[in-house]
Amino acid sequence: MTLIKSISGIRGTIGGKVGDNLTPVDAVKFASAYGTWLKSYSNKEKLIVVIGRDARISGPMIHNLVVNTLIGLGIDVIDLGLSTTPTVEIAVPLEQADGGIILTASHNPKQWNALKLLNEKGEFLSGAEGAKILDIAEREAFDFSDVDNLGEITSNDAFMDIHIDEVLNMPLVDVEAVKAAKFKVVVDGVNSSGGIIIPKLLELMGVEVVKLYCEPNGHFPHNPEPLKEHLTDISELVVKENAHLGIVVDPDVDRLAFISEDGEMFGEEYTLVAVADYVLSRTPGNTVSNMSSSRALRDVTIKHGGTYEASAVGEVNVVELMKKNNAIIGGEGNGGIIYPESHYGRDSIVGTALFLTHLAYKKMKVSELRASYPEYYMSKNKIELTPQIDVDAILKAMTEMYKMEEISTIDGVKIDFADNWVHLRKSNTEPIIRIYTEASSQEKADDLALRIIDEIKAVAGI
């Protein structure tokens, strides 16, 4: 049970003591800090904030607290009610709002909730802006409005439909081609808002939909992180229903995973690879993902004549580098598609429509599409260290050890070898080094990880 305060918002488990968990008091405190920061940041007389939430059990409670706190600050609220993270992100600029808050703990289990904070572009805040909000919260430097200047609430439950319409109207989404393909798709909406928006999108694209866990009641039927070990039910149902594929999203619909027709995982890392392959084939250009994402995106980008760059881990960092490099698509290896043609945020609705168009054009099975991409395997490990050990010194020693290789130190240490890579990052909250490796086989990725772990232990004297 813990409360995690970061530049991107506040996240914690429901219940318990103030300051230790996401209690009602903490929700009000951080909503107050965000609203107070927004007043100084926007420097406008009257502010508007868009609010939406996923289907978590605690959603209505946190939602009411946050909305009414903003009202108390004199800020008007456009309330989307049950929504998705990317839907709130597109709603902010469409409503000409000054900011947005998404109430979701993303892929965390049901006892968690969070406030994700957006700026006037519908994008996550920069590190500097987030730090200011944390400082305001710490000092409780709030100034609420008098009774004649309270904010007002406007409800708008049309934005999921607006979002779908925007996606279907994108130039690279071919609804007629998908209709002609007559796809049958199983959807796992993990009993959150993805269970509403993804089936609705698919039906408008002429897809036959088999729903699994699409009741938005917040009772997650499995761990909501879309990893292989959590997705046995949909894998079995895809085969049983003789479906062309399965689609899985997390509770706030910013992570997207596919199941092949044989019940095997397409691979979260390859969601972005496949969608980028399609986008680049129609509109050549550059791509960006974070340093812990698969090298396959780089390979696909080079194949289409573009340039690939890797950012520090974190959506804000990916977006910043995408803008700098004029990337036409980017994202993260956790199934996060960022397509600027729509907006600068991870979006499973966009990703689904582009993937299905790609599949319809390719006229091949999902397993065959997956087999057409470079074959890479990842190993994700960590070393727990005692607080006395200097993690920075260890990373510096590893950098020196491999100074003849291609190295990046913008986010920990990334060492690119000819046939594989390793990424070492320290945790911000505990004495842990995370070790991600990728190679041409699982055995090679695991072996590389073990070798690096042994070298770190030797350097650290443990």
Side-chain angles (χ1 to χ4, degrees), residues 6-9 11 34 38 41-42 47-55 59 63 66-67 70 77-107 114-126 129-130 133 156-170 173 192-194 196-198 200-201 249-256 272 275 288 314-320 322-323 327 329-332 334-354:
S6 72
I7 56 172
S8 59
R11 178 165 53 106
Y34 172 75
L38 198 60
Y41 172 77
S42 299
L47 300 179
I48 301 171
V49 171
V50 176
I51 304 266
R53 65 175 179 86
D54 68 14
H63 176 265
V66 169
V67 167
L70 295 177
V77 170
I78 297 174
D79 179 12
L80 306 192
L82 195 61
S83 194
T84 78
T85 287
T87 303
V88 177
E89 289 171 348
I90 68 157
V92 170
L94 285 175
E95 288 286 348
Q96 297 182 312
D98 303 287
I101 301 178
I102 309 142
L103 305 172
T104 174
S106 197
H107 61 272
L115 283 65
K116 286 186 176 181
L117 310 175
L118 304 175
N119 63 18
E120 78 285 359
K121 297 176 184 174
E123 298 169 15
F124 289 116
L125 307 184
S126 70
E129 291 158 352
I133 292 169
N156 187 340
D157 61 2
F159 260 99
M160 283 206 274
D161 290 332
I162 293 168
H163 190 175
I164 289 171
D165 289 343
E166 289 239 319
V167 169
L168 295 180
N169 285 323
M170 289 193 309
V173 173
S192 191
S193 41
I196 301 171
I197 198 166
I198 298 295
K200 190 175 280 191
L201 169 78
V249 292
D250 63 340
D252 69 325
V253 204
D254 65 357
R255 288 176 64 172
L256 175 64
L272 175 57
V275 173
V288 169
E315 184 173 330
V316 173
N317 299 317
V318 175
V319 167
E320 185 181 338
M322 286 180 70
K323 290 177 178 178
I329 189 164
E332 297 181 306
N334 58 14
I337 305 287
I338 302 174
Y339 186 45
E341 177 79 18
S342 175
H343 65 115
Y344 278 104
R346 293 180 300 172
D347 191 329
S348 299
I349 298 91
V350 167
T352 295
L354 291 172

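If you're wondering where the values come from, they're calculated on a predicted model, not measured in any experiment. Heavy-atom basis, side chains included; hydrogens, waters and symmetry copies ignored.
- For the pair V167 and A353, the tightest heavy-atom approach, listed with the atom from each and the gap, is CG1-CB, 3.5 Å.
- Among residues two or more places apart in sequence or in another chain, the side-chain hydrogen bond (donor to acceptor under 3.5 Å, both in side chains) test is passed with D98 by K44.
- A side chain to side chain contact (heavy atoms under 4.5 Å, CB included) with I101 is found for one member of V77, I51, V88 and no other, namely I51.
- With values rounded to the nearest 0.5 angstrom, Y41 atom OH is found 11.5 Å from L47 atom CG.
- With sequence neighbours excluded, the residues satisfying side-chain hydrogen bond (donor to acceptor under 3.5 Å, both in side chains) with E315 are R346.
- Within the 4.5 Å cutoff, side-chain heavy atoms of I197 are placed close to those of H163.
- Considering CD1 of I78 and CD1 of I48, their distance stands at 5.0 Å, rounded to 0.5 Å.
- With sequence neighbours excluded, the residues satisfying side chain to side chain contact (heavy atoms under 4.5 Å, CB included) with H107 are E225, D250, R255.
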Candidate pair V173 and V350, rule side chain to side chain contact (heavy atoms under 4.5 Å, CB included), full reasoning: CA-CA 9 Å; V173 173; V350 167; over 6 Å; no

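- When the side-chain hydrogen bond (donor to acceptor under 3.5 Å, both in side chains) test is applied to D252, the partners found at least two apart in sequence or on another chain are T85, S106, K116.
- Within the model, atoms CD1 of I164 and CG of N169 stand 12.0 Å from one another, a figure rounded to the nearest 0.5 Å.
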Quick one: do S342 and M170 satisfy side chain to side chain contact (heavy atoms under 4.5 Å, CB included)? Show the steps, please. CA-CA 8 Å; S342 175; M170 289 193 309; 3.9 Å; yes

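- With a 4.5 Å cut-off on side-chain heavy atoms, I329 and L272 count as touching.
- No option in D254, T84, D54 other than D54 meets the side-chain hydrogen bond (donor to acceptor under 3.5 Å, both in side chains) test with T104.
- Here A91 pairs with V50, L80, F159 under the side chain to side chain contact (heavy atoms under 4.5 Å, CB included) rule; sequence neighbours left out.
- For the pair E89/D347, no side-chain contact is recorded, criterion being any heavy-atom separation below 4.5 Å from C-beta on.
- In terms of modelled atom types and a separation under 3.5 Å, the side chain of S193 and the main chain of L82 share no donor-acceptor contact.
- The side chain to side chain contact (heavy atoms under 4.5 Å, CB included) check on P340 picks up M322, Y344, with sequence neighbours excluded.
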Please determine whether side chain to side chain contact (heavy atoms under 4.5 Å, CB included) holds for the pair L117 and E129, giving the CA-CA distance in whole Å, both sets of side-chain angles, and the decisive distance to 0.1 Å. CA-CA 10 Å; L117 310 175; E129 291 158 352; over 6 Å; no

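- Summarising the geometry, atom NZ belonging to K200 is positioned 12.0 Å from atom CD1 belonging to I198; distances are rounded to the nearest 0.5 Å.
- In D157, the CG atom is not crowded: 12 or fewer heavy atoms of neighbouring residues, nucleotides or ligands sit closer than 6.0 Å.
- Within a 6.0 Å sphere centred on CD of E95, heavy atoms belonging to other residues, nucleotides or ligands number more than 12.
- Taking every heavy atom of both residues into account, L256 and G351 meet most closely at CD2-C, 3.6 Å.
- Closest of all the heavy-atom pairs between G99 and V92 is O-CG2, 3.6 Å.
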Can L125 and V316 be said to form a side chain to side chain contact (heavy atoms under 4.5 Å, CB included), step by step? CA-CA 7 Å; L125 307 184; V316 173; over 6 Å; no

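- Atom OH of Y34 is separated from atom CG of L118 by 6.0 Å, given to the nearest 0.5 angstrom.
- Once rounded to the nearest 0.5 Å, the distance linking CG of L354 with CD1 of I349 reads 11.5 Å.
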